[in-house]
**Student:** 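Take this structure, written in structure tokens, and hold onto it; I'll ask about it next.
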Amino acid sequence: MNQHSLNQLIRRRHRIVLLLAALMIVFFGIMQGTGTVSNFHMRDQEEISRTNYVKHVYPYLSKSEQRAGYKAYINRFKQVRYGSPKTDRMYQDGTFFNYFIFLLTILLGCVMTFWDQISGFNRLLFSSGMSRRRIYLTKLKLYLTVILPAWGINAVITMLFVWFGIPHHYLTIYWVSLLLFIPIYLIQLIAALAAGSLFGMVIGQTLPLVATIGFLGMSAGPAVIQAVQLLHVQKSWSAWLTQPLAAYGTWVGLAILFLALSLYFYPQVSLENSHRYLLFPQLRPIVLIGFTLYVPFVMQNWLFYDYPWLSMILTGGAVFVFLFWYLYRPTFGRRNKAQESETSPSPRQ
Amino acid sequence: MTVSVSQLTKRIANREIITDISFTWHPGEITGLVGRNGAGKTTLFRTMMMQYIPDSGTIQVDQQPISQNTDFAQHIFFVDSQDNFFSSSPLTTIVDWYTLVYPAFAAADFWSTIQHFAIPESSRWSSLSKGQQATILMALALASHVPYIILDEPFAGLDVIAREEVTKMIIDAAADHHTAFLISSHDLEELDGISDRVLILKDHRIMHDYQLESLREEARKIQVVFRHNQVPPLVKKEGTLIRVTGQVLEIVFMHYTEAVDAALTAAQPVFSEELPLTLTDIFRTTAVHDTDYLMGKEEILHEPAQS
């Protein structure tokens, strides 16, 4: 088998998934474009009357805004600013960044590694004589050659809707910052794909994979907020992240981290642990300790509002007990059937 | 070209499933791999094919070690009959995959075999009967045109006719194309008819490696009734009791020497007859220490039977 055959094999195997993904990404572009245009036109209906402006808005405006007058206020109210560097977190402000595409890319990363593992297709791939590292890189390349151009089409579609759907005197496009941040959107997608693939190769069961990623995804925001509070960060971290250099650094760093971890683990995938929660049993202590510390850190005082430490200790204890049982399946004296080898599924003679 | 497995060891969940496995597999040779459930047969195949990463040991094709980076697909074929990925895939898709992985795969040969067995080309794997699935696996293996084919339980669940067909395909491939087979099966009768050699896997190791032809020259299976159930000491020492029916004992001698023959004659048994030695007998002889194969061996070997 050569590289060309491997490309073809993986392409044939994953083409339906990739085709659907590309269609969804393009569809999200249409959704985003039509959404932006319809939002703009809805503002016509919400336009405030001169009487109401004088009565309810004018007193609260700054001197310069008051001087500019009603028309300027309406103009500003209806103005669509595309890619404005002043927008908070502009690298994910709904211009070209699409949260659905980001989530979809994580999901695609999972599918990329997990599907072949759980379906047993890796039996053919790993027996083909191609190294696991090469198999991973081939998959990564294939997925990226679909996701990134599809995202490009998505961005062009969005842009076309905005360009033709919004009168130009109401539209301000900040081309420099848009072009500056386009590579960051792409790097974000690479990081998302690598992260998804890492989860897909480490976790071997469908529902727990979804639950783990879902929990980590939902808790990421609160975790960052807790960390910011804990570290007494004075300056707004989100403002800091809007700086191109910081955004590049963060996402390039994350992309490298996830890719490096994936390239480290994938060559070690051995099929004897298929269908278990962790395909690498040596990760059990790390997962156990990691979640035992992380979950209380995120949940804080959810049990007892006034006693955060008590709440955290109880949460940590419960997480530890559950995960210890789930990962190690202790049987306390009885033979551990869950950890028996899969040498033969047939009963003993 | 030979395949050499050397000191192959694989641990799963801190238990050694195969330990220090070594053997050489020659072209055109049909080798049976026999062992009880859990002995490590499937693990051996999966480790040989790099589906499992070995803990130690090497597999060599023509003295070239195979690893994750070696293109050994052109030499060895193995489809896991217990756990494959075909699911509800159409046969055309399965053929596409194998055409890409095995450089010499001849799709025409595959379809011709399928046609011969009257399996519709438009079938999906999941819609086929167990016998048809076994035929598909054989057809895939033979169409791959590799010199070495591993078959895991190829006769399991097959009816008599299907077994005969599969057996014929194996024998023809070995005779016509000099294809070597490594076959694990619990169906020792089928294996007996086709194997040149048998490896007996026990306690996760290869305990015995027999060339069946030379073994049959050297070993004997005797059915005997001793006078007053007095078993000569040399018979106890050299023989393995595999079955007791009333006073009739079936004893296998792996090394039937003149001395054993003389001891048997001197004992003047009431009745004595040589029976054809089968693979089942050999397996029973080697597996005799397992509890369900004891069949009173201790009584015969340690104290004379009373009756």
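Note that the structure is a prediction, hence the values are computed from the model and not measured. Labels below follow one simple rule: chain letters A, B, ... track the order of the sequence lines, proteins then strands, and each chain is numbered from 1.
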**Student:** Strictly distance-based, threshold 3.5 Å: is any side-chain N or O of A:S128 a donor or acceptor partner for the main-chain N or O of B:V101?
**Tutor:**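 No; judged by distance alone, with no hydrogens or angles, the pair does not exist.
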**Student:** State whether the number of non-hydrogen atoms from other residues, nucleotides or ligands found under 6.0 Å of A:F27 atom CZ is greater than 12.
**Tutor:**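 Not more than 12 within 6.0 Å, no.
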**Student:** Any idea which heavy atoms bring B:Q51 and A:S127 closest together, and the distance?
**Tutor:**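 What the structure gives for the nearest pair is NE2-OG, 3.1 Å.
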**Student:** Which bit of B:N84 comes within less than 4.5 Å of chain A, counting heavy atoms only: side chain, backbone, both or neither?
**Tutor:**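 Interface part for B:N84: backbone (N, CA, C, O).
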**Student:** Rounded to the nearest 0.5 Å, what separates atom CZ in A:R123 from atom CE in B:M49?
**Tutor:**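 With rounding to 0.5 Å, CZ (A:R123) is 11.5 Å from CE (B:M49).
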**Student:** Please indicate whether B:R11 has more than 12 foreign heavy atoms, meaning atoms of other residues, nucleotides or ligands, lying under 6.0 Å from its CZ.
**Tutor:**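 Enclosed.
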**Student:** Which residues in residues 105-115 of chain A have a heavy atom less than 4.5 Å from any heavy atom of chain B?
**Tutor:**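 The residues closer than 4.5 Å to chain B amount to none at all.
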**Student:** How would you list, in number order, the residues of residues 7-25 of chain A that have a heavy atom less than 4.5 Å from chain B?
**Tutor:**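 If one takes a 4.5 Å heavy-atom cut-off, the residues of residues 7-25 of chain A near chain B are A:Q8, A:L9, A:R12, A:R13.
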**Student:** Taking the side chain as every heavy atom from C-beta outward, state whether B:Y98 and A:L124 have any pair of such atoms under 4.5 Å apart.
**Tutor:**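 They are in contact (side-chain heavy atoms under 4.5 Å apart), so the answer is yes.
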**Student:** Might you confirm whether atom CZ of A:F215 has over 12 heavy atoms from other residues, nucleotides or ligands at distances under 6.0 Å?
**Tutor:**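 Result for CZ/A:F215: enclosed.
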**Student:** At a heavy-atom separation under 4.5 Å, does B:D96 approach chain A through its side chain, its backbone, both, or neither?
**Tutor:**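 It is both, since atoms from each part get that close.
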**Student:** For residues 133-144 of chain B, tabulate all N or O donor-acceptor pairs below 3.5 Å that involve a side-chain atom, not counting sequence neighbours.
**Tutor:**
{"residue": "B:Q133", "atom": "NE2", "partner": "B:W125", "partner atom": "O", "Å": "3.0"}
{"residue": "B:T135", "atom": "OG1", "partner": "B:G131", "partner atom": "O", "Å": "2.7"}
{"residue": "B:S144", "atom": "OG", "partner": "B:A141", "partner atom": "O", "Å": "2.5"}

**Student:** Let me confirm one number: the OG-OH distance from A:S5 to B:Y102, rounded to the nearest 0.5 Å.
**Tutor:**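 Here the interatomic distance stands at 13.0 Å.
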**Student:** Would you say CD of A:Q282 has more than 12 non-hydrogen atoms from neighbouring residues, nucleotides or ligands within 6.0 angstrom?
**Tutor:**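 Above 12, so yes.
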**Student:** Under the criterion side-chain contact (heavy atoms from CB on, under 4.5 Å), which of B:I53, B:I12, B:T47 is the partner of A:S270?
**Tutor:**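 The passing option is B:I53.
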**Student:** Could you list the donor-acceptor pairs under 3.5 angstrom formed between side-chain atoms of residues 207-214 of chain A and any protein atom two or more places apart in sequence or on another chain?
**Tutor:**
{"residue": "A:T212", "atom": "OG1", "partner": "A:P208", "partner atom": "O", "Å": "2.6"}
{"residue": "A:T212", "atom": "OG1", "partner": "A:Y277", "partner atom": "OH", "Å": "2.9"}

